[in-house]
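Order of the sequence lines fixes the chain letters, A, B, ..., with proteins taken first and strands second; residue numbering starts at 1 for each chain.
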Amino acid sequence: LPTDFDWRDHGAVAPVKNQGSCGSCWSFSTTGAMEGAHFLATGKLESLSEQQLVDCDHEVSVESDDLIVMVFSCKKFSGIVGFRIKCDPDEPGSCDSGCNGGLMNSALEYTLKAGGLMREQDYPYTGTDRGTCKFDKTKVVASVANFSVVSLDEDQIAANLVKNGPLAVAINAVFMQTYVGGVSCPYICSKRLDHGVLLVGYGSGAYAPIRLKEKPYWIIKNSWGETWGENGFYKICRGRNICGVDSMVSTVAAVHTTSQ
Amino acid sequence: AADESSDDGDLMIRQVVGGEHEPNDEHHHFRLFKRRFGKSYASEEEHNYRFSVFKANMRRASRHQKLDPSAVHGVTQFSDLTPAEFRRNHLGLKGSLRLPSDANKAPILPTKD
């Protein structure tokens, strides 16, 4: 593995986008991974549509163990019936649901089933989830070949990043609300995952004045515009699953698709 | 601890964390924040509320700075949002998520040589 690696230097990372006031980070993380995979498959960088995911993806985002329990009684019978829900759009938390959140893995599952993603310019981002699905299969430009989950091992994460392109990752974003720059390496940080971002590279060392040592770090692309962080990017230190950044890592491979 | 630069006509805000602030400083920082991020509020009541949130976030940034000394924490475009508003409007990963147990696992790659 190289000591430093950054997919931005290889042309696999589209410009930083802005999700606005909409909980759609999961869709940006997913398109970022797809853009990188598509670049590796075709040599072309295409900006892909988050709005397609926001409007059209209602895949199950959790393996739901929720039980709907119905109690019934009548003169002759009484009892309890339970059944599991899969994807009920009216049930909070069971599906990818636009500005109310989602999960990158289920968005990749949707992308695989739907046939792929359209270009950003053909299905532009609006920052709301009140529209209907306007997916046009004839305008698909990038398709999923397969996707998988990377183990909680930083060398494996780095190896998958270098081999397969930028990775969709989840993180706890509590320190990101006030982050301006530098390498974030908090002494304590919850591992409760609440934000989807894109891992695009890593560095071998950046000076940490208090700890008096060089600290390796991940380079993360966010979706809060270029005015946030370091031109839209975030650096977080490697080594101990800080803020849960190693916990949920997805890699995707794309196939070349010619739009008609 | 705040500074404006207009070299290229662009307003810059330096960090405002790490020290005790006079009330006038806080007003000044809030003004700079509103100008930089184009913020405006519908009523005086809303403005005052957002100012109180801004002050709380400056204290929070200061705490983050102590907990995370190798990064720089301070004013961002989210400085007038409560943590709950920030989570609701700018995050979006399902809180109760679990990956399916049958999710494909990536093959182990060689990492030596």
Exercise. Could you pull out the closest heavy-atom pair between A:T178 and B:T76, with the gap in Å?
Key: C-CG2, 3.7 Å
Practice problem: Side chain from CB out, backbone as N, CA, C, O: work out which of these in A:K163 comes under 4.5 Å of a heavy atom of chain B, or both, or neither. | Solution: side chain
Exercise. Find the one option among B:L81, B:N104, B:N57 whose heavy-atom pairs under 4.5 Å with chain A are most numerous.
Key: B:N104
Quiz item: Of the non-hydrogen atoms in A:Q177 and B:F78, which two are nearest, and what is the gap between them?
Solution: NE2-O, 3.1 Å
Quiz item: Taking the side chain as C-beta and beyond, is there a heavy-atom pair between B:K105 and A:V149 under 4.5 Å?
Solution: no
Quiz item: Within the side chain of B:S70, is there an N or O that forms a donor-acceptor pair under 3.5 Å with the backbone of A:V183?
Solution: yes
Exercise. Hey, could you give me the CZ/NE2 distance between A:F175 and B:H73, rounded to the nearest 0.5 Å?
Key: 6.5 Å
Quiz item: Distance from A:N172 atom CG to B:L93 atom CG, nearest 0.5 Å?
Solution: 10.5 Å
Self-check item: Nearest non-hydrogen partners of B:A71 and A:S184, listed with the distance
Solution: CB-CA, 3.7 Å
Practice problem: Indicate yes or no: at least one non-hydrogen side-chain atom of B:L109 is less than 4.5 angstrom from one of A:Q156. | Solution: yes
Exercise. Of all the heavy-atom pairs spanning B:V75 and A:V180, show the shortest one and how long it is.
Key: O-CG2, 3.7 Å
Quiz item: To the nearest 0.5 Å, what is the distance between CG (A:D153) and CD1 (B:I108)?
Solution: 7.0 Å
Quiz prompt | Winner by heavy-atom pair count (cut-off under 4.5 Å) against chain B, out of A:S148, A:G182, A:G225 | solution = A:S148
Practice problem: Decide if atom NZ of A:K191 counts as having more than 12 heavy atoms of other residues, nucleotides or ligands within a radius under 6.0 Å. | Solution: yes
Self-check item: From B:L91 atom CG to A:D194 atom CG, the distance as rounded to the nearest 0.5 Å
Solution: 5.0 Å
Quiz item: In terms of heavy-atom pairs under 4.5 Å, which option from A:G181, A:S29, A:G98 contacts chain B the most?
Solution: A:G181
Exercise. Locate the shortest heavy-atom distance separating B:P69 from A:Y187; write the atom from each residue and the value.
Key: CG-OH, 3.4 Å
Exercise. Check whether A:V162 gets within reach of chain B through its side chain, its backbone, both or neither, counting any heavy atom under 4.5 Å.
Key: neither
Quiz prompt | Options B:P110, B:S79, B:G92, B:P83, ranked by heavy-atom pairs under 4.5 Å with chain A, top entry | solution = B:G92
Exercise. Taking all heavy atoms of B:R36 and all of A:T227, pick out the closest pair and write down the distance.
Key: NH2-O, 4.4 Å
Quiz item: Quick one: which residues of residues 17-27 of chain A reach chain B at under 4.5 angstrom, heavy atoms only?
Solution: A:Q19, A:G20, A:S21, A:C22, A:G23, A:S24, A:C25, A:W26
Quiz item: So A:W224 and B:H90, would you call those rings parallel, tilted or perpendicular, with 30° and 60° as cut-offs?
Solution: perpendicular
Exercise. Could you verify whether a donor N or O on one side chain and an acceptor N or O on the other, from A:S97 and B:K94, lie under 3.5 Å apart?
Key: yes
